[in-house]
Amino acid sequence: MKLKKLAILSALTFMLFSCKTEVKEGGKEIIEDSIIESEVKQVEQESVSKNIDFTDGNITTESISLKDITVSIIQKTPPKDNFDFSCHSKIISTKNNKTVDSLIFKYMEAVGGSYGLTNPIIINNHIILTKHGDYDGRTIVINENGQIFNIIGGENYIDEEAELLFTIFDSDLSGYAVFDLKSDSLITAIDETEDRIRSIHKEYGNRYFMNCFNDETDQNTIWEFEFDLDRTMQVDLDSNDINSSNQLKIIELNEANCTCKKE
């Protein structure tokens, strides 16, 4: 949303030079703001108004340490008598009391479910938590250097031996991401898939699969990850081959812990 507004602001600013309205009053020419310039000013005002004060209001904080990195999670919830706005969250990683990285989520809306951030856990030398709300689930990964990675997700599976993190997009769409915890790099991410993903599996050596469901045909489908080609392909397998026996470990996280987590 922020990038979109910046793009709009740039485009509108470019157009302003030819968009002044001249009005004559008492023989004098008065240059008034055009509709476009008014819209630009409105965007600027909205941008300023969305600076969140994380020092005042209903604030909850939580901290977790990984080696010499401390990660603080700050969440601001609406007053009990005011449900006009949603939760705001901020993640800060520090080392020797100096900020290394940070990430802010503003105006997270429940849209019928949980919203806010889950309690963080440590797995494979990384801090992992998830963000919910806005139909935009995210998985947050923080490495031992304090670097924060923000990828689509919300539901997480891990191959601890291969150190691969698989995420399923918590949204009205269905998508996935795969993150390499060894190199701290994103292997692939797709925010919309043909079929809805149910679970992630590993079978036949080092082959990875998605157990999916097609909303239109009401049929189960199996898709295989092909990392070298940056794609997934539907394969002729079924629940006899891809099932709970070869499902990857689910990273269990608590519900999003905003005080106002239910709409």
Side-chain angles (χ1 to χ4, degrees), residues 64 66 114 117-132 135-145 147-256:
I64 187 170
L66 175 63
S114 297
L117 304 180
T118 58
N119 297 320
I121 65 169
I122 296 175
I123 189 166
N124 283 58
N125 291 319
H126 289 75
I127 295 171
I128 296 176
L129 65 154
T130 54
K131 170 260 180 186
H132 299 268
Y135 299 114
D136 182 30
R138 313 297 296 183
T139 292
I140 314 303
V141 181
I142 307 168
N143 65 17
E144 59 187 22
N145 297 316
Q147 187 175 4
I148 300 174
F149 301 89
N150 174 16
I151 61 178
I152 64 171
E155 183 179 346
N156 306 301
Y157 294 77
I158 189 167
D159 182 344
E160 292 181 284
E161 182 179 0
E163 297 190 73
L164 291 178
L165 175 68
F166 294 77
T167 72
I168 298 177
F169 194 19
D170 180 19
S171 175
D172 53 345
L173 301 174
S174 184
Y176 62 84
V178 184
F179 188 85
D180 188 340
L181 296 171
K182 298 188 301 295
S183 61
D184 289 327
S185 61
L186 184 65
I187 296 176
T188 186
I190 300 294
D191 60 10
E192 186 173 2
T193 57
E194 182 177 339
D195 295 342
R196 191 165 297 280
I197 306 166
R198 286 179 162 175
S199 54
I200 308 294
H201 302 255
K202 182 180 182 180
E203 185 61 300
Y204 309 119
N206 293 318
R207 295 170 65 183
Y208 296 93
F209 302 87
M210 299 186 298
N211 187 346
C212 303
F213 181 80
N214 188 290
D215 291 330
E216 295 183 0
T217 65
D218 292 333
Q219 297 295 315
N220 290 320
T221 58
I222 306 296
W223 294 72
E224 182 175 4
F225 289 94
E226 296 184 344
F227 296 133
D228 54 336
L229 299 174
D230 192 25
R231 68 181 185 183
T232 57
M233 289 290 292
Q234 188 172 353
V235 292
D236 188 19
L237 296 172
D238 57 30
S239 59
N240 292 321
D241 309 290
I242 303 303
N243 51 53
S244 59
S245 68
N246 47 44
Q247 179 177 298
L248 287 182
K249 176 182 177 181
I250 299 176
I251 299 178
E252 297 289 350
L253 295 167
N254 294 327
E255 283 193 19

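Since the structure is predicted, the reported quantities are computational estimates derived from the model, not experimental observations. Note that these values count all heavy atoms, side chains included, but never hydrogens, waters or copies made by symmetry.
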Kindly write out the residues that satisfy side-chain hydrogen bond (donor to acceptor under 3.5 Å, both in side chains) with [X], not counting sequence neighbours, or none if the list is empty.
X: Asn143; value: Asp184
X: Asn145; value: none
X: Gln234; value: none

For the CG atom on Asp228, are there more than 12 heavy atoms of other groups (residues, nucleotides or ligands in this structure) within a distance under 6.0 Å?
yes
Would Asp191 and Leu173 satisfy side-chain contact (heavy atoms from CB on, under 4.5 Å), going step by step from the backbone distance to the final call?
CA-CA 7 Å; Asp191 60 10; Leu173 301 174; 5.5 Å; no
In Å, rounded to the nearest 0.5 Å, how long is the span from [atom1] of [X] to [atom2] of [Y]?
X: Lys249; Y: Ile158; atom1: NZ; atom2: CD1; result: 7.5 Å
X: Ile222; Y: Phe209; atom1: CD1; atom2: CZ; result: 8.5 Å
X: Leu117; Y: Leu129; atom1: CG; atom2: CG; result: 5.5 Å
X: Leu186; Y: Thr167; atom1: CG; atom2: OG1; result: 8.5 Å
X: Glu160; Y: Ile123; atom1: CD; atom2: CD1; result: 4.5 Å
X: Thr130; Y: Asn119; atom1: OG1; atom2: CG; result: 9.5 Å

For Glu163, all residues meeting side-chain contact (heavy atoms from CB on, under 4.5 Å), sequence neighbours excluded
Asn124, Leu181, Lys182
Donor-acceptor pair, distance only, cut-off 3.5 Å: does the side chain of [X] make one with the backbone of [Y]?
X: His201; Y: Asn243; answer: yes
X: Asn211; Y: Ser239; answer: no
X: Thr188; Y: Asp230; answer: no

According to the salt bridge (charged side-chain N to carboxylate O under 4.0 Å, His left out) rule, which pairs have a member within residues 199-216, sequence neighbours left out?
Asp159-Lys202, Arg196-Asp215, Arg207-Glu224
Side chain to side chain, [X] and [Y], heavy atoms closer than 4.5 Å:
X: Leu248; Y: Leu164; result: no
X: Asn220; Y: Arg198; result: yes
X: Asp136; Y: Phe169; result: yes
X: Ile142; Y: Gln147; result: no

Do you know which of Phe166, Tyr176, Trp223 makes ring-ring contact (aromatic ring centres under 6.0 Å, His included) with Tyr208?
Phe166
Evaluate side-chain contact (heavy atoms from CB on, under 4.5 Å) for Tyr204 paired with Asn246, printing each intermediate quantity in order.
CA-CA 10 Å; Tyr204 309 119; Asn246 47 44; over 6 Å; no
Least distance between heavy atoms, Ile197 atom then Met210 atom
CD1-SD, 3.5 Å
I would like to know whether Ile121 and Leu253 meet side-chain contact (heavy atoms from CB on, under 4.5 Å); could you show each step before the answer?
CA-CA 8 Å; Ile121 65 169; Leu253 295 167; 3.8 Å; yes
Check the pair Val141 / Leu165 against side-chain contact (heavy atoms from CB on, under 4.5 Å), numbers first and verdict last.
CA-CA 10 Å; Val141 181; Leu165 175 68; 3.7 Å; yes
Return all side-chain donor-acceptor pairs below 3.5 angstrom for residues 149-156, not counting sequence neighbours, or 'none' if the list is empty.
unit_1	atom_1	unit_2	atom_2	d
Asn150	OD1	Arg138	NE	3.0
Glu155	OE2	Tyr157	OH	2.8
Asn156	OD1	Thr139	OG1	2.6

